[in-house]
Amino acid sequence: KEDFEIIDKTQIPNATELKSQDQGRTEEGRWSAPILSLAKKASENLALSYGHALKSASLVGFMSKPVSNDTTAKTSARCHAMEERANLMNMMKLSIKTLIQSALSLGRTLDSDFPPLQQFFVVLEHCLKHGLKVKKTFIGQNKSFFGPLELVEKLCPEASDIATSVKNLPELKTAVGRGRAWLYLALMQKKLADYLKVLLDHKHLLSEFYEPDALMMEEEGAVIVGLLVGLNVIDANLCLKGEDLDSQVGVIDFSLYLKETQDSDGKQDGGITAVLDQKHYVEELNRHLSCTVADLQNKIDCLEKTNSKLQEELAAATDRIGSLQEEQQQLKQQNELIRERSEKSVEVTKEDTKVELDTYKQSRQGLDEMYSDVWKQLKEEKKIRLELEKELELQIGMKTEMEIAMKLLEKDTHEKQDTLVALRQQLEEVKAINLQMFHKSQNAECSLQQKTEAISSFEGKTNEMMSSMKQMEKRLQHAEKARQAAEERCNKMKQELAGRLDSCRQQMSQLDSKCSTLEKELKSEKEQRQTLQRELHQEKDATALLKTELQQMEGLKKELRKLQDEKQQLEKVCEEQEQALQEMGLHLSQSKLKMEDIKEVNKALKGHTWLKDDEATHCKQCDKEFSISRRKHHCRNCGDIFCNTCSSNELALPSYPKPVRVCDTCHTLLLQRCSSNSS
């Protein structure tokens, strides 16, 4: 069920070949022995699993073996899954060990191009893919390890930042790419082991994504999570923007874990150099130890001196303790005398409070009577004010009606004036039209006379031409015999006559065009004159309207002055009434404040008692139970017990010289009282 990439059968090493290679090699160094042993085990197991997979694939393709029993098939599948889990766990151990060693030897933050880090992510991806269930969708089958990683966001809210940043990356288009980006970010946060541990703690949720024989559902998953804790030592700085995580191929490279040994001569030389280095190191250690022994001896001498000084100080302290004990006895006697005096003063204060209570009751009766009288006066003044407001509203309504009537009259006058002006304009226009028509008729008669004269002249010319034509015809009749000789002359004469006729026609057309242009100019001049006359009439009308408006404005100004005088009188009356009301309100607020002060004093004398610590188990305001973390605090004003949050305020009280702890309710009441007194 695992997706391993196999390029060629010849590239896969068998177990026998690996054993022969290991026997042929020389003995390895101490530092690479555990890594090579783990690599041998992992390669053997992987080779066996690859061999089994290839054999099963070839046999299934060409021949179908008869299955003897279901139990044998199940046992073989379980053994195969066990081998796969063991192989993956061994490879995970190898990759983590090489990654930690290489990172510590480099001593810097790792990039995404670091080969051991890349191989670690490939092996981890194979571990997460082991035993994944295939989900069928409309598009096809889907098998990705990003589904179980999305559960971490619901189980652990700290991983919500990783999930949102992965989803917001536009370059990632597949679920595999998102899963790889999620692993990169978790490793950079150094919380990869914690997130996978949260997943393993909720295996009932993982069962939706993995089969029961999967690596994440068995004990090997817990072992791998324990190994991943060691990666918190590494600092990684991985950039996700430039990499193509969707199309990466996850192939395990065994060349990192199988290292060739050096020659025996080189090893002996390396051993000698190591012994010499150890010798120098031991000599330096001895020198440092001798220096530290000398320093310790000096410190011991100093400690002995300080010890003697401390013994002397101890003796002086014992003498002081004796004198202090004598002073304590004297203070106890004084304390008893003070207690007797305080008890006597308490009795005297109790008698004084009784007398004050009696006086308070008498004063309260008098204040109640005063309050009732003031209340009656207030009601009467309210009635008077309401009546005045009604009268004001009536006057305002009358005033608005008068204004509306004035506006209507003004509109009527304006309309009549407009109609008169319009009638005058129409009369003037009719006169102007009559004049224009008269001028036009005169002009038309003149033009007709000119045209008739031109026509008569043209008719005379045509008559003359006709007479000449008749004479020519007579001559032609006489000269019929010599016609052939004179045909050419006749044609020439006809052509000349046609040219003259064309020239005459052209002159006539030019004269017509000049007449049309002159008529157009006359029309334009007439239109300009009409427009100027209209503008003059409009200016005259505007001046007349402005004069009438000026007269109306003067009348309105007079009315405005009268209304302003009335308004000032009404404002004076309103101000006087408001001042009277404000004075009454001040008297009432003062009497109310006095009543509240008296009530609070009465409550303080009656109800405020100092609660004992044993009586209160919960906070009076928030009802939260007291514990070692939530301690009890007394309010110095009301005497009740509250928690720290409900009694965090401090105020100066008359019975205390400095600011004291007060609960929230007492704090607000005292602040209100102070603000009302100041106002």
**Asked** Taking it one step at a time, do Q101 and K97 satisfy side-chain contact (heavy atoms from CB on, under 4.5 Å)?
**Response** CA-CA 6 Å; Q101 284 179 356; K97 194 167 185 180; 3.9 Å; yes

**Item:** Candidate list I100, T98, L99, L94, test side chain to side chain contact (heavy atoms under 4.5 Å, CB included), partner I96, passing option
**Value:** I100

**Request:** Taking the side chain as every heavy atom from C-beta outward, state whether Y195 and L149 have any atom pair closer than 4.5 Å.
**Result:** no

**Item:** Step-by-step salt bridge (Lys or Arg N to Asp or Glu O under 4.0 Å) determination, E125 to K129
**Value:** CA-CA 6 Å; E125 187 178 338; K129 279 184 180 178; 3.3 Å; yes

**Message:** So that I can tick it off, tell me whether R385 and E389 are bridged by a salt bridge, with the cut-off set at under 4.0 angstrom between side-chain N and carboxylate O.
**Reply:** yes

**Message:** Which residues pass the side chain to side chain donor-acceptor pair (under 3.5 Å) test with K191, not counting sequence neighbours?
**Reply:** E158

**Prompt:** So do L128 and L183 actually touch side chain to side chain, heavy atoms under 4.5 Å?
**Reply:** yes

**Request:** Quick one: do K632 and D613 satisfy salt bridge (Lys or Arg N to Asp or Glu O under 4.0 Å)? Show the steps, please.
**Result:** CA-CA 8 Å; K632 300 176 183 179; D613 292 335; 5.7 Å; no

**Item:** Residue pairs, two or more places apart or on separate chains, that pass ring pair (Phe, Tyr, Trp, His ring centres under 6.0 Å) and touch residues 616-645
**Value:** W610-H634

**Prompt:** NZ/K197 to CG/L199 distance, rounded to the nearest 0.5 angstrom?
**Reply:** 11.5 Å

**Prompt:** Residues two or more places apart in sequence or in another chain: which of them pass ring-ring contact (aromatic ring centres under 6.0 Å, His included) with F121?
**Reply:** Y184

**Request:** Measure the shortest side-chain to side-chain distance between L104 and I234 over non-hydrogen atoms and say whether it is less than 4.5 angstrom.
**Result:** no

Sequence neighbours excluded and cut-off under 3.5 Å, please list the side-chain donor-acceptor pairs for residues 371-383, or say none.
residue	atom	partner	partner atom	Å
S372	OG	E369	O	2.6

**Fill in**
Residue set satisfying side chain to side chain donor-acceptor pair (under 3.5 Å) with Y210, at least two apart, ordered chain then number -> none

**Prompt:** Listed by chain and number, what are the side chain to side chain donor-acceptor pair (under 3.5 Å) partners of T349, not counting sequence neighbours?
**Reply:** none

**Message:** Quick check on K620: does its NZ atom have over 12 non-hydrogen neighbours (other residues, nucleotides or ligands) under 6.0 Å away?
**Reply:** no

**Asked** Is K203 atom NZ crowded by more than 12 heavy atoms from other residues, nucleotides or ligands, each under 6.0 Å away?
**Response** yes

**Message:** Consider side-chain hydrogen bond (donor to acceptor under 3.5 Å, both in side chains). Of N637, N649, N644, which one does R661 pass it with?
**Reply:** N644

**Prompt:** If you take all heavy atoms of C127 and M92, which pair is closest and at what distance?
**Reply:** SG-SD, 3.9 Å

**Asked** Would a 4.5 Å heavy-atom cut-off, applied to side chains only, mark Q325 and I321 as touching?
**Response** yes

**Asked** Are L185 and S165 close enough that some pair of their side-chain heavy atoms sits under 4.5 Å apart?
**Response** yes

**Message:** A side-chain contact here means heavy atoms from C-beta on lying under 4.5 Å apart; do Q621 and T645 qualify?
**Reply:** no

**Prompt:** Are V346 and K350 close enough that some pair of their side-chain heavy atoms sits under 4.5 Å apart?
**Reply:** yes

**Prompt:** What is the minimum heavy-atom distance between H126 and L88, and which atoms define it?
**Reply:** CB-CD2, 3.8 Å

**Message:** What I'd like to find out is whether the side chain of K624 reaches to under 4.5 Å of the side chain of C643, using heavy atoms alone.
**Reply:** no

